[in-house]
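A short write-up of the structure that comes next.
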2 protein chains.
Amino acid sequence: MKKRSSSSPEQNFPGAPKQFVVPFLLLQLRDFNLHGYQLIEQLIKLGFHSIDRGNIYRILRQLEKDHLISSQWDTSSEGPARRIYSLTEAGEAYLQSWAASLELYQHMLETFFSLYKKMFVSPSNENEYSKGERS
Amino acid sequence: MKKRSSSSPEQNFPGAPKQFVVPFLLLQLRDFNLHGYQLIEQLIKLGFHSIDRGNIYRILRQLEKDHLISSQWDTSSEGPARRIYSLTEAGEAYLQSWAASLELYQHMLETFFSLYKKMFVSPSNENEYSKGERS
DNA sequence: ACCATATAAGTGTAAATTACACTTAACAGT
DNA sequence: ACTGTTAAGTGTAATTTACACTTATATGGT
C-alpha cells in the first residue's frame, strides 16, 4: 500500500527501461560468454546505476526462453555455481534489430536537444513565438 | 487472457516509454500553449509512431496533478472544447532535470554504438577476444 | 565455532506503466 | 440520418518495475 515516486518531480531518472537493458546485455554476450553477476557489474559500469539485480536475472531467463541466449552451469571455479550465458544466432539477429531501434531513439534525442537549446529565438519578433495559440 | 508481443523477437521497438514522452511534452509546452490533440500530433511528427493517445491524455492529467502543467478549457473555437495546457515554473524546472537525464541516455547510446561497431577487432590476436570466459 | 562480507542466482509481490479496445461529444459535409 | 474529423477521455488485462527478501558457497577475521 506504499506509494512510489511515480512521475513526481522530486526524483528523476528511474532505472533505465528494459528496452535499454536488453540490447546492452546482448551486446556484451556477443563478445564474451558471461554469467548474470558479471553482466550486471558491466551494466553498472556502463551507467546503469539503480538497476534491479533480481529483475536482470528474470530478463535473462526470459531471453533464454525466447532462444535468444543459452546457458550452462559452471561449477568448475570456486564460489557458488554460475550460469554462463552465450548469444544464439537468433539473439545476434535480435541485437541487430535492437541496434536499429536504438538509432531511432538516438535521432529523437538529437531532435530533443536541438529544440531544447533553442532557448531564446529571435527577440525581435517575439510575438510570433510568445506563448499563445498556434494557428 | 490474450497474449501480447512481450520481448519476443518478431517485433521490436514498442511505444517509447513515458521517460521519453514526458520531456517532449514539456518541451513543446515551453514554447507554445497547446491542447492534447495537438501535442499528440507533434509527438507523432517527432517520431513517436505507435503511441497510445488515451495514455497521453492520462499522462497530461497526471502532470497537471503534479502541478508541472496547468490547463484551461477553450470553447472559443469550433468543434469540441479543448483543454489548453501551459507549462508551470515547476514544470520548467522539471524539464531541465529531464534534459540532464536524457543526456545520460544519450551517452549510453553513444557507448552502445561505439561497442557495437567494434565488430571485427584485430584478427591477428583473435584468441584474446574469442568467446570464452574473461578473467 | 561464529560472524561478517562477497559472490551468485534467484523469488514474491505491490505499484506503475503499457497496449488495446471502447466511449462521449461537437461540428461539418452529403 | 449517416459518415468523417476533431477532441478528450475511460476500462482493464498484460507487462514491467521497484523494493524486499531468500538460498547457497566460499573467504577472512575474532
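Predicted model, so just to flag it, every value in this text is computed and none were measured.
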Checklist entry - Considering only heavy atoms, which members of residues 49-58 of chain A lie under 4.0 Å from some atom of DNA chain C? => result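 Close to the strand are Gly54(A), Tyr57(A), Arg58(A).
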Checklist entry - Any luck finding a side-chain donor-acceptor pair between Gln72(A) and Tyr85(A) under 3.5 Å? => result no
Item to check | Selection residues 43-57 of chain A - residue pairs positive for side-chain hydrogen bond (donor to acceptor under 3.5 Å, both in side chains), sequence neighbours left out | outcome: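 Non-adjacent pairs meeting side-chain hydrogen bond (donor to acceptor under 3.5 Å, both in side chains): Asn55(A)-Arg58(A).
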Checklist entry - Between dA8(D) and Arg83(B), is there an OP1 or OP2 to side-chain N/O distance shorter than 4.0 Å? => result no
Next on the checklist: Is there a side-chain contact between Tyr37(B) and the phosphate of dA8(D), meaning an N or O under 4.0 Å from OP1 or OP2?
Outcome noted: no
Identify all pairs in which a protein N or O lies below 3.5 Å from an N or O of nucleotides 22-27 of chain D, and state each distance.
none

Next on the checklist: Please find the pair of heavy atoms, one from Leu34(A) and one from Leu29(A), that lie closest to each other, and give the distance.
Outcome noted: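 Where Leu34(A) meets Leu29(A) most closely, the heavy atoms are N-CD2, 3.7 Å.
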Next on the checklist: If I compare all heavy atoms of Met108(B) with all of Gly47(A), which pair ends up nearest, and what's the gap?
Outcome noted: CE-O, 3.1 Å
Item to check | Qualifying residues under side chain to side chain donor-acceptor pair (under 3.5 Å), relative to Glu64(B), sequence neighbours excluded | outcome: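 Expected list: Ser71(B).
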Checklist entry - For Ser70(A), what residues pass the side chain to side chain donor-acceptor pair (under 3.5 Å) criterion, not counting sequence neighbours? => result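 Side chain to side chain donor-acceptor pair (under 3.5 Å) list for Ser70(A), sorted by chain: Ser86(A).
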Next on the checklist: With each end axis built from five pairs of C1' atoms, what bend angle do you get for the helix from dA1(C)-dT30(D) to dT30(C)-dA1(D)? Round to 10°.
Outcome noted: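 The helix from dA1(C)-dT30(D) to dT30(C)-dA1(D) shows an end-to-end axis angle of 10°.
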Next on the checklist: Using the side-chain heavy atoms of Lys18(B), tell me which of these nucleotides is nearest: dT18(C), dG10(C), dT17(D).
Outcome noted: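 Nearest listed nucleotide: dT18(C).
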